[in-house]
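To start, the structure under review is shown below, and the notes come after it.
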Amino acid sequence: MDKVYDHKHVESKWYSFWEKKGFFSPKKTKKYFSIILPPPNANGKLHIGHAMYVIEDIMVRYHRARGDSTLWLPGADHAGILTQVVYERVLEKKGKTRHELGREEFFKQTYKFTQENKKHMYTQLRAMGFSLDWSREKFTLNPDISRAVYQTFKLLYDDGLIYRGDRMINWCPRCGTVLSDLEVNHKEKEANLWYIKYPIKNSKKFVIVATTRPETMLGDTAVAVNPGDAKYKDLVGEAAILPLLNRELPIIADSFVDPEFGTGAVKVTPAHDPNDYEIGERHSLPKIGVIGMDDKMTTLAGKYSSLDKYAARKQILADLENQDLVDRVERHKYSIGVCERCDTVVEPQISKQWFVAVNKTGRSGKNLAKNALEAVRTGNITIIPKRFEKIYYHWMENLHDWCISRQLWWGHQIPVWYKGSEVHVSVEPPKGSGWKQDTDTLDTWFSSGQWTFTALGWGQKNFRDFEKFYPTTVMETGYDILFFWVARMIMLGLYVTDKVPFETVYLHGLVRDERGQKMSKSKNNVLDPLDVAKKYGADAVRMALVFGTGSGNDTNLGESKIRGMRNFTNKLWNIGRFIIDMAPEKRAKTKGSEEDKKILKELAGIKSVVTHGIENYNFGIVSELLYNFIWHEFADNYIEYSKTRREETQETLEKVFEESLRLLHPFMPFITEELWQRLPQAIRKANSIMVSDWPE
RNA sequence: GGUCGUUUAGCUCAGCGGUAGAGCGUUCGGUUCACAUCCGAAAGGCCGGUGGUUCGAGUCCACCAACGACCACCA
């Protein structure tokens with residue numbers, strides 16, 4: 001054995017050994033343990049956050065050693081809007097647009113793009129040592145998955161829980177699609193608040209309204225005041241004249257209006273503001289769309305039509321100034337919605353879209369949000385750390401209907417066909433001619449929300465895995481997608497299968513750089529998991545990611561920590577060298593000295609602590625204790641002690657080392673396998689540490 | 001506006017009721033004898049602040065402060 005451990009000669013060798021032996025597939029035993037890998041987006045390579053999958057690998061390797069029928073199922077996500085945006089950027093560099101390619105060709109190219117990324121990502125997952133069952137690999141856009149997703153759509157539709165309607169939605173003018181509320185980020189901004197004078201009909205007086213968006217005034221259909229506002233009491237029922245267009249606007253009373261804000265009078269634009277939309281509904285106001293889906297003013301905007309909305313704003317303000325209708329301007333902080341994927345300012349629009357009625361009880365008696373809340377409240381699903389349960393409740397209790405249609409080309413096309421006024425919802429296209437399929441695609445989270453059961457074969461030809469491994473045992477993912485994904489999986493899982501999709505949700509934190517800053521290319525602080533794995537070994541990277549971390553908290557990771565863990569691999573290696581390479585020729589019976597008793601007692605203690613720790617998701621502590629035991633108890637104390645009496649300590653050395661390797665294997669699979677294989681055959685009870693029993 | 005989290009050694013973080021911990025860094029001393037990716041020793045903390053509960057509190061409770069995150073339809 002070399003003096004220094006070289007992971008390069010070890011890691012890839014063992015991974016292909018395990019894979020060839022079929023160790024990643026579940027054995028047939030009574031107890032099941034399953035985790036569905038949160039599918040990484042197939043539009044790039046893996047980042048350090050994905051390396052957190054190591055937590056899943058630890059659980060999976062542990063349960064395999066416990067003898068459970070253990071499945072860890074890999075897959076990749078087509079990631080609808082994000083992938084479309086990414087591939088559009090690829091096209092942009094070639095000076096092309098998706099419209100030049102056309103829908104079919106764009107889809108074809110994007111598909112190819114994702115398959116290439118996928119292949120590369122899978123290589124990366126293997127390099128990290130993740131013991132995934134590749135024979136069951138799935139892609140969210142596979143035809144069989146698509147069929148299953150269509151079945152769910154139909155179930156919900158037939159149950160009255162999916163509907164199509166004109167609603168106020170978030171529109172991204174850049175992406176050209178509707179976004180769900182979750183896909184809109186709110187940014188705090190300081191902007192002008194313009195106070196505009198609206199003349200009162202048959203009077204020389206004005207009512208002054210405040211707005212941050214003067215261009216929307218062209219779509220005003222009322223002025224609203226608070227019903228209890230004495231200052232405007234006499235105006236209610238009167239009319240104001242909309243400047244520039246001279247439209248008559250009723251002055252109405254609505255309790256939404258805050259008498260303390262601005263002037264206490266609000267312009268109402270039902271077509272371009274969610275609150276105004278609500279007011280409009282309550283008072284049956286007309287809705288005049290003056291901003292088009294392309295962010296240019298429509299023909300309803302009169303002389304401003306075809307101007308970009310910001311250009312229109314400028315012009316409108318100038319025109320108002322000329323008529324002396326701008327009372328004053330204040331600086332004002334407000335929050336503005338932007339597209340999560342491209343940062344473009346989102347425009348509220350009224351548009352016909354497909355929605356999931358999350359708060360409604362269907363004919364089946366099921367209610368998505370209610371049932372999903374109950375599952376956690378009753379403890380059928382446990383969320384770790386516990387504080388996220390409260391966050392989950394709060395979100396679920398305030399859910400709005402979920403818009404699931406997207407005007408994208410990349411995704412599952414909506415399984416609805418139209419012919420004239422007929423609407424046909426089904427998995428297969430309807431028979432007969434003249435039917436045209438809906439051109440929209442489904443929100444990517446609508447399909448990934450079903451991943452726990454579609455990936456296991458639900459609704460497909462081979463659903464044996466579903467019968468065995470569903471509900472899955474643990475869902476391990478980042479807390480940042482609790483709403484996007486976890487909540488949707490709970491809703492759809494319960495709805496479709498009548499069972500929880502998983503028993504436990506374990507949420508890990510985000511990986512940040514050494515100083516706690518978010519990793520980003522512009523800051524040049526990005527750690528590529530494969531780069532560091534190449535440099536220090538995947539074992540070291542894995543250990544560094546869990547060592548001394550608390551669940552649900554963000555973890556700061558720098559190269560120095562990984563280096564420290566690499567040093568630990570070297571320590572292990574040299575312990576191995578000492579025990580294996582430099583074994584004494586003869587052995588004597590163990591006398592059972594105080595030192596022997598001490599190390600064996602400590603070993604027994606560490607076994608119990610590690611077992612409990614893994615069962616209770618305390619990976620940070622467990623890894624730290626193992627590290628300290630092996631280095632500071634075993635190496636620094638017992639091995640030092642053994643040096644002067646090798647013959648009578650060799651047996652204990654081997655025993656403690658062998659068991660330590662098995663305990664450490666879920667964390668550092670490669671080096672533990674390598675060293676374990678070098679131990680005397682007599683003390684190894686399997687042909688791989690990966691399939692040997694957990695130390696009892 | 002609401003909710004949640006964080007605040008412990010120079011840096012990054014564990015610990016969450018019983019005499020202050022780790023990794024990295026720092027200082028001093030070690031070249032045969034597994035490992036300098038090492039060994040031995042040491043310095044360094046009124047565990048954010050103020051009250052309270054307790055025989056006993058980084059550890060539980062209340063309030064405060066700073067930082068961070070998330071949610072939210074105030075023009």
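Within every chain, numbering begins at 1; the chains are lettered A, B, ... in the order of the sequence lines, protein sequences first and strands thereafter.
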* Tell me, which stems hold RNA chain B, with a stem being 3 or more Watson-Crick or G-U pairs in a row and both distances under 3.5 Å? -> B:1-7 with B:65-71, B:10-13 with B:21-24, B:26-30 with B:38-42, B:48-52 with B:60-64
* Asked: Would the A/Phe568 and A/Tyr5 ring centres measure less than 6.0 Å apart?
  ->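 No, the ring of A/Phe568 stays outside the 6.0 Å limit from the ring of A/Tyr5, centre to centre.
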Could you give the distance separating [M] and [N] at their [atom1] atoms, to the nearest angstrom?
N	M	atom1	value
B/rC24	B/rC38	P	7 Å
B/rG2	B/rU59	P	26 Å
B/rG25	B/rA43	C1'	13 Å
B/rG58	B/rG17	C1'	11 Å
B/rG29	B/rG68	C1'	44 Å
B/rC46	B/rC11	P	13 Å
B/rA20	B/rG1	C1'	41 Å
B/rC47	B/rU8	P	11 Å

Any protein N or O atoms within reach of nucleotides 6-12 of chain B? Criterion: under 3.5 Å, listing atom names and distances.
unit_1, atom_1, unit_2, atom_2, d
B/rU12, O3', A/Asn556, ND2, 2.4

Suppose the criterion is salt bridge (charged side-chain N to carboxylate O under 4.0 Å, His left out): which pairs have a residue in [range], not counting sequence neighbours?
range	result
residues 269-286 of chain A	A/Asp254-A/Arg282, A/Glu281-A/Lys287
residues 210-220 of chain A	A/Arg213-A/Glu215, A/Arg213-A/Glu347, A/Glu215-A/Arg313, A/Asp220-A/Lys267
residues 666-680 of chain A	A/Lys13-A/Glu674, A/Glu674-A/Arg678

* A/Glu330 and A/Tyr195: side-chain donor and acceptor closer than 3.5 Å? ->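 On atom types as modelled, these side chains qualify, holding a pair under 3.5 Å.
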* Examine the side chains of A/Tyr310 and A/Asp295 and answer whether a donor and an acceptor come within less than 3.5 Å of each other. =>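 No, A/Asp295 and A/Tyr310 have no side-chain donor paired with an acceptor closer than 3.5 Å.
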* To do: Give the B/S/- string for nucleotides 60-75 of chain B, one per nucleotide from 5' to 3', where a protein heavy atom under 4.0 Å of the base yields B, of only the sugar-phosphate yields S, and otherwise -.
  => ----------SS-BBB
* Structure fact -> Expected string for nucleotides 21-37 of chain B under the B/S/- scheme (protein heavy atoms, under 4.0 Å, primed atoms plus P, OP1, OP2 as sugar-phosphate) is -SSS---------BBSB
* Take the protein atom NZ of A/Lys386 and the nucleotide atom C1' of B/rC4, then report the distance between them rounded to whole Å. => 16 Å
* Would you mind reading off the distance between A/Leu545 atom CG and B/rA14 atom C1', rounded to a whole angstrom? => 16 Å
Listed partners of [X] passing side chain to side chain donor-acceptor pair (under 3.5 Å), at least two apart:
X	result
A/Gln353	A/Ser351, A/Ser405, A/Gln407
A/Glu640	A/Lys643
A/Asp319	A/Lys303, A/Tyr304, A/Gln315

* To do: May I ask you to say whether A/Lys386 pairs ionically with A/Glu389, meaning some side-chain N is under 4.0 Å from a carboxylate O?
  =>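 Result for this pair is yes, salt bridge flagged.
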* B/rG21: syn or anti, with syn meaning chi within 90° of zero? -> anti
* Asked: Can you name the ring-ring contact (aromatic ring centres under 6.0 Å, His included) partners of A/Trp194, sequence neighbours left out?
  ->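 ring-ring contact (aromatic ring centres under 6.0 Å, His included) list for A/Trp194, sorted by chain: empty.
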* Cation-pi check, A/Arg646 onto A/Phe578 ring (under 6.0 Å, within 45° of axis) -> yes
* Asked: For atom CD of A/Gln349, is the number of surrounding heavy atoms from other residues, nucleotides or ligands below 6.0 Å larger than 12?
  -> yes
* Just jot down the salt bridge (Lys or Arg N to Asp or Glu O under 4.0 Å) partners of A/Lys187, sequence neighbours excluded, or say none. => A/Asp343
